[in-house]
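Below is one structure, written out as structure tokens; the observations come after it.
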Amino acid sequence: MDKSFSETYLNFERVNWQRMKEATVDTLYMTGFSLIAVLILGFLLGLLLYTLGRKKSTAYRVLYNVVSVISNVFRSTPFMILMVLIMPFTKAITGTIIEPVAALPALILSAAPFYARMVEIALREISGGVIEAANAMGATTWQIIYKVLIPESLPALVSGFTVTAVSMVGFTAMAGAIGAGGLGSLAWSEGFQLNNQTVTLMATIIILIIVFIIQGLGDFLTNKLDKR
């Protein structure tokens with residue numbers, strides 16, 4: 001006999017709320033910790049790509065292409081394949097391949113190049129005249145970065161980081177399917193494998209809430225920073 005919709009998706013007695021809470025904390029941990037690393041590494045890599053791309057000499061162009069290709073490899077490799085591919089590296093630096101911490105290397109290696117491209121695009125949109133004016137006034141490279149590049153591109157940087165953060169929440173769910181923990185793991189192990197659709201539904205709702213919060217905060221900050 002087929003179950004009704006409420007029996008299939010709204011049978012909350014079958015939800016272990018303590019495990020749901022722990023899975024949510026694991027997802028927030030994976031997302032938050034990796035986002036800090038992605039923000040730093042992605043910005044530095046994007047700044048490097050932007051700087052190398054502006055140089056005219058052959059040596060700088062070759063170096064730009066090398067960095068760009070390496071970035072594209074990690075950015076374009078499907079996340080689950082990347083996570084499996086670097087398991088020996090992950091185990092060497094984290095000591096495990098089945099805990100939330102085990103998802104961090106793959107999350108960072110996948111998302112940092114993605115954000116770096118957004119940083120590069122944001123910096124390229126800055127008018128060359130503004131940079132030339134700063135150079136004419138005797139500004140150093142770091143002064144140009146701190147006082148010109150970052151302020152002028154900040155709305156685009158925040159917007160790009162928001163897109164990256166939303167994508168990473170989805171990546172954590174995929175990581176959970178191969179033992180990294182979090183809501184993705186709970187939805188797979190207790191939802192799909194045990195045919196408990198209520199758990200799957202609740203895990204999905206919590207992930208969506210996290211995404212909506214991130215997107216809302218990102219949009220709010222972007223609008224506040226955009227002076228146009």
Side-chain angles (χ1 to χ4, degrees), residues 30-79 82 86 104-172 210-228:
M30 288 187 283
T31 304
F33 191 91
S34 55
L35 275 177
I36 295 172
V38 166
L39 177 62
I40 297 170
L41 296 177
F43 177 77
L44 293 177
L45 181 58
L47 183 61
L48 177 63
L49 287 168
Y50 168 77
T51 303
L52 293 175
R54 287 177 56 85
K55 304 294 184 179
K56 302 301 180 183
S57 69
T58 302
Y60 280 114
R61 295 304 301 172
V62 170
L63 186 57
Y64 172 84
N65 289 330
V66 171
V67 176
S68 180
V69 167
I70 295 173
S71 175
N72 286 338
V73 167
F74 286 103
R75 183 170 63 94
S76 304
T77 303
F79 177 75
L82 178 64
I86 66 169
L104 299 182
L107 284 168
I108 294 168
L109 287 175
S110 178
F114 178 82
Y115 182 54
R117 283 298 184 184
M118 294 196 168
V119 171
E120 182 188 10
I121 293 170
L123 296 178
R124 281 185 174 182
E125 291 178 351
I126 299 173
S127 172
V130 177
I131 299 173
E132 290 174 5
N135 279 321
M137 294 173 64
T140 64
T141 299
W142 289 111
Q143 285 176 329
I144 292 174
I145 293 172
Y146 181 71
K147 295 184 177 181
V148 178
L149 295 181
I150 293 178
E152 290 290 327
S153 63
L154 201 51
L157 292 176
V158 172
S159 180
F161 188 65
T162 302
V163 173
T164 304
V166 169
S167 298
M168 289 181 68
V169 174
F171 289 164
T172 64
I210 294 172
V211 167
F212 290 155
I213 291 173
I214 292 173
Q215 188 67 60
L217 287 174
D219 291 344
F220 174 78
L221 289 175
T222 300
N223 291 333
K224 282 289 185 181
L225 294 168
D226 194 346
K227 305 301 182 182
R228 293 174 296 178

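Below, each value reflects all heavy atoms present in this structure, side chains not excepted, and no hydrogens, waters or symmetry copies. This is a predicted model, so every value here is computed, not measured.
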- Message: Please determine whether the number of non-hydrogen atoms from other residues, nucleotides or ligands lying under 6.0 Å from atom CZ of Phe74 exceeds 12.
- Response: no
- Item | Shortest non-hydrogen separation from Ser153 to Leu123 and the atoms involved | OG-CD2, 3.5 Å
- Item | Worked verdict on Phe114 versus Val163 for side-chain contact (heavy atoms from CB on, under 4.5 Å) | CA-CA 10 Å; Phe114 178 82; Val163 173; 4.2 Å; yes
- Query: Which pair of heavy atoms, one from Pro151 and one from Ile145, lies closest together, and at what distance?
  - Reply: CD-O, 4.2 Å
- What closest approach, in Å, do Ala111 and Met168 show between heavy atoms, and which atom pair accounts for it? CB-SD, 3.5 Å
- Residues two or more places apart in sequence or in another chain: which of them pass side chain to side chain contact (heavy atoms under 4.5 Å, CB included) with Asn223? none
- Query: Heavy-atom distance under 4.5 Å between the side chains of Ile210 and Thr31, does that happen here?
  - Reply: no
What pairs of donor and acceptor atoms, side-chain ones from residues 39-47 against any protein atom, are under 3.5 angstrom apart with sequence neighbours left out?
none

- From Phe161 CZ over to Leu221 CG, what is the distance, rounded to the nearest 0.5 angstrom? 11.0 Å
- Query: What distance do Ser68 atom OG and Leu63 atom CG have between them, rounded to the nearest 0.5 Å?
  - Reply: 11.0 Å
- Item | Partner set under side chain to side chain contact (heavy atoms under 4.5 Å, CB included) for Phe212, not counting sequence neighbours | Leu208
- Query: Under 3.5 Å, is there a donor-acceptor pair between the side chain of Ser71 and the main chain of Val67?
  - Reply: no
- When the ring planes of Phe171 and Phe79 are compared, do they come out parallel, tilted or perpendicular, using 30° and 60° as the limits? parallel
- Query: Got a second to check how far Leu35's CG is from Leu107's CG, nearest 0.5 Å?
  - Reply: 8.5 Å
- Message: Give me the atom names and distance for the closest heavy-atom approach of Val38 to Ile108.
- Response: CG2-CA, 4.0 Å
- Query: Any idea which heavy atoms bring Thr222 and Pro155 closest together, and the distance?
  - Reply: CG2-O, 3.7 Å
- Euclidean distance, Leu157 CG relative to Thr164 OG1, rounded to 0.5 Å: 10.5 Å
- Message: Which heavy atom of Arg61 sits nearest to which heavy atom of Lys56, and what is that distance?
- Response: CG-O, 4.2 Å
- Quick one: does Ile131's side chain get under 4.5 Å of Leu149's, heavy atoms only? yes
- Point-to-point distance, once rounded to the nearest 0.5 Å, from CG of Asp219 to CD1 of Ile214: 12.0 Å
- Given side chains that start at C-beta, do those of Tyr60 and Thr51 come closer than 4.5 Å, heavy atoms only? no
